[in-house]
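Below: one structure, written as structure tokens.
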Amino acid sequence: MAKPKVIVTRRWHADVEQLLVDRYDTQLNDDDHPMSTAELQDALRNADAVLPTVSDKVNAEVLGIDDIRAGILGSNGVGFNHIDLEAAKAAGLTVTNTPEVLTDCTADLAITLLLMVARRTGEGERHLRAGEWTGWRPTHMMGTSVTGKTLGLIGMGRIARAVAARAAHGFDMKIIYHDPFPPSVDDLAGLNAIACESPQAVFEQADFVSLHCPGGKETYHLIGTEAFRAMKPGAFLINSARGDVVDEAALVEALDTGEIAGAGLDVFENEPEVTPALLKMENVVLLPHLGSATQETRKAMGMRVVENIEAFFNGETPRDKLV
Ligand code: DGY
């Protein structure tokens, strides 16, 4: 029997690409260019499985063609707001993602952002590299202490809980959270986390607000003018979730007027574009969507996709089936 045809939309971890090539009739994206709408449509027409990533917009337009051959979209990433699940379902596609394997890595990055923005480390490094450092002095680049402060989590899924564990046990932080779908008591064990009835209650009490909710319609601009108004003047916003959860124009204003003290961002509203004003602000840490970017995690994510499509080709329900 012919091997299933698999099209991978971007370069993946080399070990995963090798496995895909060994196992299937695999087409890789050798120059790693982002695929256009037409290329994604061609992939859907010509493959049994298309393997997109979180930066491929698999929207209703892409999925609106009537000659789709693919049976599965094996997405490489936990977030799935880049795929129109309704349109995919209507087109008869199974869609999978890669939960769990990137939890620790992404939580590490959220804590990195938190520490960086509180302790002004990006600013400090730029200062030193620019040859501006004149030596130690008591008032030089004083930041904000993290230990013992209140961390407010918006969303309390796996990644948020991993952030909470690091913050509570590593930095003795008090943890508060809001999640419309709260985790079980077992999942919260050892975190001493206090549930808040609304995001507003989190904004009002937290020294650091860290976002861990999905992107998309339901959470679009959840963090906007009102949220910033509710936050403490010395508070910091951390976003390692999805860019469109934050109204970037409102964020710039809140930072400009001192409504909040700073922000650590790994994701942006119009990635890879970044609101230009943010690039000029010293109290903002900006990273290029690195949450899951370690060798180990990217390999694990790719392997999880392979596991999902293998199950699909074997006529089984993939472990991470979304629709
Ligand atoms: C995801 O998986 O959704 C991240 O944004 C990329 O790792």
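By convention here, the first residue in the shown sequence is residue 1. Bear in mind the structure is a predicted one, so any value in this text is a computation, not a measurement. Whatever order the structure lists them in is the order used to number ligands and atoms, beginning at 1.
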**Q.** Side chains of Thr147 and Asp172, donor plus acceptor under 3.5 Å
**A.**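 Their side chains do not contain a donor-acceptor pair, so the 3.5 Å distance test is not met.
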
Q | Glu269-His221 side chain donor-acceptor pair, cut-off 3.5 Å | A |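 Short answer, yes.
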
**Q.** Contacts of Asp108 that satisfy salt bridge (Lys or Arg N to Asp or Glu O under 4.0 Å) - sequence neighbours left out
**A.**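 Applying salt bridge (Lys or Arg N to Asp or Glu O under 4.0 Å) to Asp108 gives Arg166.
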
Q) Should the ring pair Phe208 and Phe236 be called parallel, tilted or perpendicular, given that the plane angle runs from 0 to 90° and is split at 30 and 60? A)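 If you compare the ring of Phe208 with that of Phe236, the planes turn out parallel.
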
**Q.** Test: Glu271 and Arg242 ion pair at under 4.0 Å
**A.**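 No, Glu271 and Arg242 are not salt-bridged.
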
(Q) I need the Lys149 NZ to Lys174 NZ distance, nearest 0.5 Å. (A)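 Reported value, rounded in 0.5 Å steps: 13.5 Å.
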
Contacts table for ligand 1: protein N or O within a distance under 3.5 Å of ligand N or O, distances only.
unit_1: ligand 1; atom_1: 2 (O); unit_2: Val78; atom_2: N; d: 2.7
unit_1: ligand 1; atom_1: 3 (O); unit_2: Val78; atom_2: N; d: 3.4
unit_1: ligand 1; atom_1: 3 (O); unit_2: Gly79; atom_2: N; d: 2.8
unit_1: ligand 1; atom_1: 3 (O); unit_2: Arg242; atom_2: NH2; d: 2.6
unit_1: ligand 1; atom_1: 5 (O); unit_2: Arg242; atom_2: NH1; d: 2.7
unit_1: ligand 1; atom_1: 5 (O); unit_2: Arg242; atom_2: NH2; d: 3.3
unit_1: ligand 1; atom_1: 5 (O); unit_2: His289; atom_2: NE2; d: 2.6
unit_1: ligand 1; atom_1: 7 (O); unit_2: Ser292; atom_2: OG; d: 2.5

